[in-house]
Asks: 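Here's a structure for you.
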Amino acid sequence: PPPPPPPPPPPPPFFTDPATTELSTRQSSSAASDVYKRQVWDLIAYAHRKGIRTGPGRGSAAGSIVAYCLKITDLDPLEYGLIFERFLNPGRKEMPDIDMDFDERYRADVIKYSAETYGSDHVAQIITFSTIKGKQAIRDAARVLDYPYSAGDQLAKAMPPAILGKDATIDQCLTPPGPDAPATDRDHFAAASGLRELLETMDGAQEIISTARGLEGLRRQDSIHAAAVVISPEPLTNIVPTQQKGEDAEVVTQYEMHGVEALGLLKMDFLGLRNLATIERALELIERNTGERPDIDGVDLTDDDVYAMLRKGDSIGVFQFEGGPMRALMRNLGPDRFEHLIALNALYRPGPLGAGMHLEYADRKNGKAQVDYPHPDLEPVLADTYGIMVYQEQVMQTAEHIAGFSLPDADSLRMAMGKKIPAVMKEQQEKFVAGCIANGYDEQLGKDLFGFIEHFAGYGFNKSHSAAYALVAY
């Protein structure tokens, strides 16, 4: 008989190590976590069976190899350097969170399926509360105190405009910011000089503003959270109060999202994305008119015609890329590969925009500014972003490469830098510097690098989320 065939070659190390690590982490996670992941798979699989378009991923779950293999996500995490430990690691106590995007036309169908599958008395949407903002508080206070409408209106209009989507509070307008106050506090205070002048000169202003400060931030009314759904192992009314405003209305918890999570209930996010409906509707129209349906999910991500369109800023109606400032940034940057679209999503955020990182990235990419690195050994980590720390994952990789952190420890460092608790930061800095010294770097370099990544950690964005949404845009 012929000799037996030789054994197959082992998988390449770049795949074996991340996959093995992820499977090991998942096996050590809680039973509740395992149930959660199965339910996510079930809901996505149902949508696929029914022809309901789902998003390629959302948030840090796009970094999971297992989620990609199970078709929960559609973007290869290995190809784009997405890190599983940003999603789940042994040091994280909270439940993993996989947000799901569905064609907005059929989101209600997926919620209905979950109720039919797990029990209608086990599934509910989650309440949310809108709060009274500064301008509304001023108008309400003036009305209740029987001042003319014009008095409240004049004071409300003297409130400064929002900065990058953040409204000023009355306190920010009236209380001088300290030397370490955030830039937005200083900007709001500077823009509120008219309100402070009215406070001194206008009859009744002191009483109106004093009352308004007490109203500001109070809950005004309830509504239904745009995405959150809770699924319970027993009838929900045994655990949390619910409400239903009408016979055919949605069943909604009377505790908001954080209260529901504090009770140990499973919260899932079902998001209806208009752009998925737009993609699907376009495919339906093409098929109706031509008899053929393009395979949009297998589209070539290196098509220069697409990048030429984006370089011209011709992207009105394109997901994430349609705003005027974003189109101006694309004309300045000149994207010519998919990685540039991932970076655009991460850079077009209040923090990086305020720090000018988007302009520095564009200049370095186009050769107008020199690409340099805080240390040559960080080139493998920062080369794709021209020496700029754009992503949270790069914070983690820097700690891994230079200070010898494990990726779970590096994720703890990333979270500590986001919270900026002084005692925790001091502990992390000592650990980072000690790791640098153990790896052969000098102490001063360790301190300098810690300061470098601490600065950028406040601006870094989740690369997994940026990559998934760049795919939707493409």
Side-chain angles (χ1 to χ4, degrees), residues 80-81 160-166 181-188 190-191 304 306-376 378-395 397-398 414 417-418 448-449 451-474:
Y80 296 103
I163 298 175
L164 295 173
K166 293 186 177 180
T184 50
D185 285 7
R186 295 195 296 271
D187 292 342
H188 282 316
D304 191 59
V306 174
Y307 296 106
M309 182 192 81
L310 296 176
R311 287 193 291 271
K312 292 186 293 186
D314 188 11
S315 57
I316 292 177
V318 175
F319 180 61
Q320 301 280 289
F321 294 157
E322 62 183 334
M326 173 59 99
R327 288 186 286 120
L329 175 56
M330 285 195 294
R331 286 191 289 266
N332 184 23
L333 172 65
D336 51 37
R337 54 192 174 97
F338 188 68
E339 287 78 4
H340 294 152
L341 305 188
I342 300 174
L344 279 167
N345 271 337
L347 290 166
Y348 196 72
R349 308 280 166 183
L353 290 174
M357 289 169 60
H358 60 307
L359 302 176
E360 180 68 16
Y361 181 93
D363 287 346
R364 291 191 182 194
K365 183 262 179 187
N366 293 317
K368 297 178 182 178
Q370 181 179 348
V371 176
D372 52 22
Y373 303 95
H375 190 277
L378 284 178
E379 185 172 351
V381 175
L382 301 177
D384 280 350
T385 52
Y386 308 103
I388 300 170
M389 196 167 282
V390 174
Y391 308 117
Q392 294 170 349
E393 287 85 343
Q394 289 173 315
V395 172
Q397 290 170 318
T398 297
R414 175 196 64 79
M417 287 183 164
D448 292 344
L449 284 177
F452 173 80
I453 63 175
E454 182 182 9
H455 171 74
F456 282 102
Y459 302 130
F461 194 67
N462 184 332
K463 185 179 183 182
S464 296
H465 184 75
S466 292
Y469 269 28
L471 182 59
V472 176
Y474 187 95

Asks: Using 0.5 Å steps for rounding, measure from the CG atom of Leu310 to the CG atom of Leu341.
Replies: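 That separation rounds to 6.0 Å.
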
Asks: Answer whether the closest heavy-atom distance between the side chains of Pro374 and Leu382 falls below 4.5 Å.
Replies: yes

Asks: I need the full list of salt bridge (charged side-chain N to carboxylate O under 4.0 Å, His left out) pairs touching residues 328-343, with sequence neighbours left out, sorted by first then second residue.
Replies: Asp336-Lys365, Arg337-Glu339

Asks: Taking NZ, NE, NH1 and NH2 as the nitrogens, is one of them in Asp304 or Arg311 under 4.0 Å from a carboxylate oxygen of the other?
Replies: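 Here Asp304 pairs with Arg311 in a salt bridge, since their nearest N and O are under 4.0 Å apart.
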
Asks: Shortest non-hydrogen contact from His358 to Pro352?
Replies: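 Where His358 meets Pro352 most closely, the heavy atoms are ND1-O, 3.9 Å.
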
Asks: Is the backbone N or O of Val381 less than 3.5 Å from a side-chain atom of Gln397, with the two atoms forming a donor-acceptor pair by type?
Replies: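 It does not hold such a pair.
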
Asks: Would you check if the distance from the ring center of Tyr474 to the ring center of Phe319 is below 6.0 Å?
Replies: no

Asks: Please report the shortest heavy-atom distance between Gly387 and Phe452, naming the atom on each side.
Replies: O-CZ, 4.4 Å

Asks: With sequence neighbours excluded, tell me which residues meet side-chain contact (heavy atoms from CB on, under 4.5 Å) with Asp363.
Replies: Lys368, Ala369

Asks: When rounded to the nearest 0.5 angstrom, what is the spacing between OH in Tyr348 and CD in Gln320?
Replies: 10.5 Å

Asks: Write down the atom of Ser466, the atom of Asn345, and the distance for their closest heavy-atom approach.
Replies: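 Looking at all heavy atoms of both residues, the shortest contact is O-ND2, 3.2 Å.
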
Asks: As an exercise, state the distance from CG of Leu347 to NE2 of His340, rounded to the nearest 0.5 Å.
Replies: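 So the gap between those two atoms works out to 11.0 Å.
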
Asks: Do you know the tightest heavy-atom contact between Tyr373 and Ala383?
Replies: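 Taking Tyr373 first and Ala383 second, the nearest heavy atoms are OH-CA, 3.6 Å.
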
Asks: Of all the heavy-atom pairs spanning Arg414 and Gln392, show the shortest one and how long it is.
Replies: CD-CB, 3.6 Å

Asks: Any sub-3.5 Å donor-acceptor pair from Asn366's side-chain atoms to Asn332's backbone N or O?
Replies: yes

Asks: For the residue pair Phe461 and His465, does the interplanar ring angle fall in the parallel (under 30°), tilted (30 to 60°) or perpendicular (over 60°) class?
Replies: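 Answer is perpendicular, since the angle exceeds 60°.
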
Asks: When rounded to the nearest 0.5 angstrom, what distance separates CD in Gln394 from CG in Leu378?
Replies: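 If I round to the nearest 0.5 Å, the distance is 10.0 Å.
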
Asks: Is there a side-chain contact between Tyr361 and Leu344 in this structure, where contact means two heavy atoms from C-beta onward sitting under 4.5 Å apart?
Replies: no

Asks: Considering non-hydrogen atoms only, spot the tightest contact between Ala346 and Tyr391 and give its length.
Replies: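 Closest heavy-atom pair between Ala346 and Tyr391: CB-CE2, 3.6 Å.
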
Asks: How many angstroms lie between CE in Met357 and CE in Met389, if you round to the nearest 0.5 Å?
Replies: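 Here the interatomic distance stands at 9.5 Å.
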
Asks: Please check: side-chain N/O of Ser315 versus main-chain N/O of Phe321, any donor-acceptor pairing under 3.5 Å?
Replies: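 Flag set: sc Ser315 to bb Phe321 pair under 3.5 Å.
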
Asks: Within this structure, what is the CG-CE distance for the pair Leu333 and Met326, rounded to the nearest 0.5 Å?
Replies: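 So the gap between those two atoms works out to 9.5 Å.
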
